[in-house]
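Being a predicted model, the structure only gives us computed values, none of them experimental. Just so you know, these numbers use all the heavy atoms, side chains as well, and skip hydrogens, waters and symmetry mates. Each chain gets a letter, A, B and so on, in the order the sequences are listed, and its residues count up from 1.
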2 protein chains.
Amino acid sequence: MAAPEKTTQEAIVAAGRELVERRGMSGLTMQAVAERVGVRAPSLYKRVRNRGELVDLVVETTVEDLARELRHATEGILDPREQLKSAANALRSFAHGRPKSYELIFGLAREASGLTRTARGRAVAPVLSACSALVGHEQALDAARLVTAWANGFITMELAESFQMGGNVDRSWAWGLERIVRAL
Amino acid sequence: MAAPEKTTQEAIVAAGRELVERRGMSGLTMQAVAERVGVRAPSLYKRVRNRGELVDLVVETTVEDLARELRHATEGILDPREQLKSAANALRSFAHGRPKSYELIFGLAREASGLTRTARGRAVAPVLSACSALVGHEQALDAARLVTAWANGFITMELAESFQMGGNVDRSWAWGLERIVRAL
DNA sequence: ACCTGAACACCGTTCAAGT
DNA sequence: ACCTGAACACCGTTCAAGT
């Protein structure tokens, strides 16, 4: 007799996403996920190969969310400089709203899977196209790296509380963003 | 009768630093450290409060190393733009040479202790003074944040293999650095 | 075919007992 | 005063036994 299916991979990934944001990366344990989906920990291994694969699935779905928000932020804007600013601001909003997820996606504590990397590529596509319009396709890649490195670096330092000399962080963000897009 | 002291906090921290660089953050276990210093794991708790304090000590000594290298990279250079370039290049060299340590210092997987933060502040002091010379003390903080965010972001993405669109990463670094210092 | 308890190999940490 | 084995509460993961 078949035992009834008590959960799905989708539910497991959703539970994983919640746990990451609520309790951080170390809160994403197989036991905690199992409890949330109403099953014992060993049963999770029927849906995911191991914890690493679960983490990958969490990352991929989260990167898809981010990619959607970045697309949304740039569509309908004509000036490529304004596209870049809007994308950067959307990235920062995402990070403020879901800091643990941001850390999971862009932090380097984890070696990224192939799927994660293609998803990340899709997320930055709007940035690349804006840069291409600004500096030409020859230097588009260099320019996109300048923008993404700065934005990601700024946000990472902000989340890590690395800005410890006071001052107005929002002002530093706007000041930097203005100079970055003008430098292109 | 007193049992002979078989190790010191210094040796424990040194073992921790080696383990981080060789096996990554998850390789820094109390058991592995204990084995390296010739003692059983419980004995470590005579020298450090817990694993968290050991991590803090590892980070602080490593940040001191970095601060020294950044000071070295800027001294003797007069042009503040060249100071910034030299400091940025030294930061990147450090990251390439000791990637796991770089991740440990600047990653956000860990909440930074007070000591770590003052050490980080000391490390970026040369950058702040160069920026002050370039844009005046009014905007020095904003400028320093622009430079450090970009450099840290670039290096972080490089180490995480986030630059996946090919191209020449060294060229992108030089291209970005040139524009960053010119934007100030 | 899925679910489960029991078990294993790891962690960090505590503590009583040795010297 | 330091060192240690034993123990505890956690991890992730495997597997035989249930349904």
*Going by atom types alone, do Thr156(B) and Asn152(B) pair a side-chain donor with an acceptor below 3.5 Å?*
yes
_Distance-only polar pair, side chains of Ser101(A) and Glu21(A), donor-acceptor under 3.5 Å_ = yes
_Whole angstroms only, please: what is the CZ-C1' distance between Arg49(B) and dG12(C)?_
15 Å
*How many Å lie between CZ on Arg47(A) and P on dT13(D), as a whole number?*
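Atom CZ in Arg47(A) sits about 17 Å away from atom P in dT13(D).
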_Counterpart base for dT14(D), defined by Watson-Crick or G-U wobble contacts under 3.5 Å_ = dA6(C)
*Nucleotide paired to dT19(D) in any strand shown, Watson-Crick or G-U, under 3.5 Å*: dA1(C)
*With rounding to the nearest 0.5 Å, note down the distance linking CE in Met157(B) to CD in Gln164(B).*
8.5 Å
*Can you tell which of dC2(C), dT19(C), dG12(D) lies closest to the side chain of Ala3(B)?*
dT19(C)
*Taking all non-hydrogen atoms of both residues, which atom of Leu128(A) and which atom of Leu141(A) are closest, and how far apart?*
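Residues Leu128(A) and Leu141(A), closest heavy atoms: CD1-CA, 4.1 Å.
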*asked:* Within the 4.5 Å heavy-atom criterion, are Leu91(A) and Phe106(A) side-chain neighbours or not?
replied: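 Heavy-atom side-chain distance check passes, below 4.5 Å.
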What N/O pairs connect the protein and nucleotides 4-11 of chain D at under 3.5 Å? Give each pair on its own line.
| residue | atom | partner | partner atom | Å |
| --- | --- | --- | --- | --- |
| dT4(D) | OP1 | Lys6(B) | NZ | 2.6 |
| dT4(D) | OP2 | Arg40(B) | N | 3.0 |
| dT4(D) | OP2 | Ser43(B) | OG | 3.3 |
| dG5(D) | OP2 | Arg40(B) | NE | 3.2 |

*Determine the interplanar angle of the Phe94(A) and Tyr102(A) rings, folded into 0 to 90°, and report it as parallel if under 30°, tilted if 30 to 60°, perpendicular if over 60°.*
tilted
